[in-house]
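Everything below concerns the one structure shown next.
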Amino acid sequence: MKVWGGWVFTREGFVEGWLNPLTKEIGLGRPTEPAKRGVIFPAFRNCHTHLGDTDARDEVPDDLSLEELVGVDGWKQKWLSNQKGSLSLESGIREAEKFGTGLIIDFREGGIEGLSLLNEIDTPIQIVGLGRPGHEGENAPSENIGLSSYVDVGEGIVEAVASKAKNENGIVALHHSEKKREELSPVLKLDPDFLVHLCEADDDDLIKIKSEGVGVVVCPRSNSRFGLRAPLERMLELEIDVGIGTDNGMFCSLNIIDELRFIAQEFSSIAPLDLIKLACFGLDKTIDKFSKIKIENKGYVIMEERGENPEMAVLDSKSEILEVIW
Ligand SMILES: [Zn+2]
């Protein structure tokens, strides 16, 4: 078994190194034994998904608005109510495995039962399921919660669910200001760990988010379907803790490499190294706060070398995955 040798992506950028695929030992410098060439990335992080609607991808109508699709009582809710078991979740997870995802943070719908479906699937991916009450008046299924949005859940209810999660040292995450700007102050009072989207957040909102140490996850491919765009350049300038996600499985593939290539095109003023960091080490400070999402699985993705520049191994659309090592 040959080791992989070549550029290794680290928090400091690309360094020359090698990886033994059997022992997962990684070293710096040129390999001392004959090696296969490839560019070595730590397994990618997908910081926001809805795995449960992956199998709706071929059926999802093109002509409905965001509200009609994913709003309360929207098309997705009807589709989900006709689903049984974990098949759709599994489709999403297998797709993410194929493209070298090591960590998924999923907003899990369907209450206790919905959250427990994750346990039915055997996968090398570390999946953090953020549950939500299955219906009004029900308790959250775990201490970690991922809510639709403050306005969707409703004043009073959202405070109760979030404060219970916080008392249990859980993770609190919500969608916010996706399609139109929503009031930030009641959301910050919940002491959220991260917010998703923020396409319509204004500059004051972003400054407050930074000063409160709240993380943000952006999902640019999903946003673009609805003509939306997150102010990612400004978020990075403010040094907000940012991660990237693929959002609903019915809208976008669970392939973070595709997400990264899309972001590199649409946000071309951001340095490619900073974008690759989002894919490999995104939402780092937020994840660090929680012992339960310590990165346990040191997976690696080996990509084809494309010319002199190691960034192109992941950014060039012709570059292929050579191996995923779990
Ligand atoms: Zn979402």
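Whatever order the structure lists ligands and atoms in, that order sets their numbers, starting from 1. Quick note: numbers below take in every heavy atom, side chains included, and nothing from hydrogens, waters or symmetry partners. Residues: numbered from 1 along the sequence shown.
- Ring geometry for Phe226 versus Phe251: interplanar angle over 60°, hence perpendicular rather than tilted (30 to 60°).
- A distance of 14.5 Å separates NZ in Lys285 from CG in Asp193, rounded to the nearest 0.5 Å.
- Within the coordination shell of the Zn ion (ligand 1), defined by N, O or S atoms under 2.8 Å, Cys219 is absent.
- Rounded to 10°, the angle formed at the Zn ion (ligand 1) by His50 NE2 and His175 NE2 is 100°.
- Environment of NZ in Lys98: sparse, with no more than 12 heavy atoms of neighbouring residues, nucleotides or ligands closer than 6.0 Å.
- A 6.0 Å sphere centred on CD of Glu239 holds no more than 12 heavy atoms belonging to other residues, nucleotides or ligands.
- Closest approach between the Zn ion (ligand 1) and any N/O/S atom of Asp247 involves OD1.
- Nearest to the Zn ion (ligand 1), among the N, O or S atoms that His48 has, is NE2.
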